[in-house]
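The figures here come from the full heavy-atom set of this structure, side chains too, leaving out hydrogens, waters and symmetry mates. If you read the sequence from its start, that first residue is 1, and numbering goes on from there.
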Amino acid sequence: MSWHTRILLVGAALLVGSMPMLAQTSSLWNIGGLEGTLPSYWNMGNQPGGSTLTWATDQFRSGGHSLKITKTATSDTAAWVSDNMCDIWSQTISKNVDIFVGAYVRTSGVNTNPANNDQRWYIAYTFYDSAGALIGQTKLPINQSVASSSGWVADTNQAGQTILPKDAWKLIISFVGGKNATGTVWADDFMQVGRGGAWAGQDWNTNLEVPTGWYYWLPPNGGNDALLSKGFENTIVTSAAAHSGQHSLKFNLPAGRESGDGFVGTRRYGFGSTGGSLNKTGSLRTTTSGGRDITSLQDVKPGDMLRLSVWIKASGLVPDSAAKYPGTWSVGFTPLWFAKYGNNDGYNPVGPANDYTFTFPNVTSFDWTQYSLDVQVPTGVGATALETRLHVYSTFVGTVYFDDLTVTKLDIPQI
């Protein structure tokens with residue numbers, strides 16, 4: 001974030017909507033339209049007949065989404081199950097740390113006073129070691145003393161309840177309705193922090209806001225402790241505006257906010273993997289040259305030129321302030337390169353780590369406009385993966401929508 005070198009790019013060099021393409025290229029990702037139907041890091045783990053799992057918008061504590069389960073008595077449990085939450089820069093969860101875990105929940109018409117586990121609603125944090133062996137589980141029963149909660153209620157562990165005897169290399173979070181549990185429960189703002197300021201790893205997409213393939217770091221602490229501030233509590237995936245499809249990513253940063261930057265970025269994508277990809281209408285895309293669209297950075301190698309592009313719509317801008325503080329009163333790209341990108345490889349970017357800021361026109365608002373950045377894959381550092389952040393810098397004020405992020409490989413060796 002703030003330690004990156006910040007580079008200001010002139011609007012004419014960045015605004016490429018009217019510029020001719022310099023080479024025949026193909027789009028490389030299928031996540032850039034923000035049309036995913038599942039929250040990043042989360043999966044429908046079990047959905048027996050009589051149950052419905054929803055990435056819900058009817059109730060939420062923050063952002064605009066939550067996890068929802070509605071069920072009658074079923075043949076098995078119904079469950080949302082996370083990916084491995086050891087990832088990015090929390091590649092392990094340290095032993096001998098008193099870990100605070102939990103989530104906020106809301107209930108409607110659930111069965112009360114459960115007599116056994118099959119009748120219970122609960123959230124579970126399950127930890128595994130480097131060999132995949134179970135270390136332990138913290139199970140948090142959801143309050144069923146009444147059928148419906150009065151609002152969002154914190155469901156958390158007690159001090160001293162979750163202390164690992166060895167480092168965990170995998171953390172799976174589950175939100176579960178037992179097979180005989182009934183009613184509707186929502187979960188939002190999952191939490192994992194070390195008590196007393198100790199490091200305890202970090203959960204990802206804890207307010208369930210971004211779709212598959214994305215993650216975020218938002219103030220004050222990344223968003224893994226159910227706290228969002230400095231205007232970033234307004235960050236949502238919305239249907240209020242879209243360049244194509246139905247959704248876009250919205251930042252709404254109010255005047256007078258406390259300074260601080262944050263980003264919503266792609267997870268790391270490795271070079272070389274190929275495979276079909278779906279566009280927003282669900283059909284397989286082809287390029288004008290007849291090539292097949294792919295889910296990863298096919299045939300990318302060190303020294304290649306890539307073009308990062310995104311469509312932006314903005315309002316409530318303050319041109320005078322943007323001109324006076326161009327490095328901070330702005331938004332832009334942060335591309336990062338990695339030699340390794342597995343869950344337990346940690347945060348070790350290689351090559352340049354630069355923040356690039358867009359220069360907007362001297363207006364208070366503008367409609368959908370494509371902004372682009374050409375970058376070269378670094379050589380001599382073993383780069384094998386790319387992450388691209390949509391970054392809002394520390395003093396920016398205004399509303400911006402991002403949509404249709406693409407990464408294309410240019411056919412020419414350099415610009």
(Q) As a quick check of understanding, evaluate side-chain hydrogen bond (donor to acceptor under 3.5 Å, both in side chains) for T74 and S51, giving each step before the final call. (A) CA-CA 7 Å; T74 52; S51 67; 5.7 Å; no

(Q) Can you confirm whether the side chains of D167 and T92 place a donor and an acceptor under 3.5 Å from each other? (A) no

**Q.** Any side-chain heavy-atom pair of V400 and F360 under 4.5 Å
**A.** yes

Q.
Has Q246 got a side-chain atom pairing as donor or acceptor with E35's backbone, closer than 3.5 angstrom?
A. no

Q | CA sep, side-chain torsions, deciding dist, call: N157, T138, side-chain hydrogen bond (donor to acceptor under 3.5 Å, both in side chains) | A | CA-CA 8 Å; N157 65 345; T138 297; 5.2 Å; no

Q: Taking the side chain as every heavy atom from C-beta outward, state whether Y41 and D203 have any atom pair closer than 4.5 Å.
A: no

**Q.** Working for side chain to side chain contact (heavy atoms under 4.5 Å, CB included), residues D345 and F338
**A.** CA-CA 10 Å; D345 286 325; F338 295 86; over 6 Å; no

Q) Is it true that a side-chain atom of W186 and a backbone atom of D58 form a donor plus acceptor pair closer than 3.5 Å? A) no

Q.
Between S365 and L317, is there a side-chain heavy-atom distance shorter than 4.5 Å?
A. no

Q. Do you know which two heavy atoms are closest between G201 and S90, and how far apart they sit?
A. CA-CB, 3.6 Å

Q: Mind telling me whether Y325 and W329 have parallel, tilted or perpendicular rings, with 30° and 60° as the class edges?
A: parallel

**Q.** Centroid-centroid under 6.0 Å between W80 and W121 rings
**A.** no

Q. Would you call the rings of Y125 and F190 parallel, tilted or perpendicular, where under 30° means parallel and over 60° means perpendicular?
A. tilted

(Q) Just so I know, are the side chains of V397 and S321 near enough to count as touching, which here means a heavy-atom distance under 4.5 Å? (A) no

Q: Evaluate the criterion side chain to side chain contact (heavy atoms under 4.5 Å, CB included) for residue pair L38 and M44; output intermediate values, then yes/no.
A: CA-CA 8 Å; L38 288 174; M44 293 183 182; 4.0 Å; yes

Q) Picking from L53, I142, L140, V81, what satisfies side-chain contact (heavy atoms from CB on, under 4.5 Å) with F175? A) I142

Q: Compare all side-chain heavy atoms of F60 with those of D189 and state whether any distance is below 4.5 angstrom.
A: no

Q. Would you call the rings of H243 and W311 parallel, tilted or perpendicular if under 30° counts as parallel and over 60° as perpendicular?
A. parallel

Q. Quick one: do the N143 and D155 side chains pair a donor with an acceptor below 3.5 Å?
A. no

Q) Would D403 and Y401 count as having a side-chain donor-acceptor pair, cut-off 3.5 Å? A) no

**Q.** Evaluation steps, ring pair (Phe, Tyr, Trp, His ring centres under 6.0 Å), between Y269 and Y341
**A.** CA-CA 8 Å; Y269 280 75; Y341 53 100; 8.9 Å; no

Q: Please assess Y216 against N207 for the test side-chain hydrogen bond (donor to acceptor under 3.5 Å, both in side chains), listing each intermediate value before the final yes or no.
A: CA-CA 10 Å; Y216 61 79; N207 79 336; 3.0 Å; yes

Q) Do I88 and R268 touch side chain to side chain, with heavy atoms closer than 4.5 Å? A) yes

Q) Are the side chains of T369 and F358 in touch, meaning some heavy atoms are under 4.5 Å apart? A) no

(Q) Test side chain to side chain contact (heavy atoms under 4.5 Å, CB included) on K250 and K313; report intermediate values, then the result. (A) CA-CA 9 Å; K250 177 183 178 181; K313 176 179 180 176; over 6 Å; no

Q. Do Q144 and N111 touch side chain to side chain, with heavy atoms closer than 4.5 Å?
A. yes

Q: Go through the side-chain N and O atoms of N252 and T399 and say whether any donor and acceptor fall under 3.5 Å apart.
A: yes

Q.
Under a plain distance cut-off of 3.5 Å, with no hydrogens placed, do D87 and Y215 share a side-chain donor-acceptor pair?
A. no

(Q) Test your reading of the model: is there a side-chain donor-acceptor pair from S174 to the backbone of A124, 3.5 Å cut-off? (A) no

Q.
side-chain hydrogen bond (donor to acceptor under 3.5 Å, both in side chains) for S394 and D261? Distances and angles first, verdict last.
A. CA-CA 4 Å; S394 58; D261 64 330; over 6 Å; no

**Q.** Nearest heavy atoms of G262 and P219, plus distance in Å
**A.** CA-CD, 4.3 Å

Q) With no hydrogens and no angle check, do the side chains of W204 and D83 hold a donor and an acceptor under 3.5 Å apart? A) no

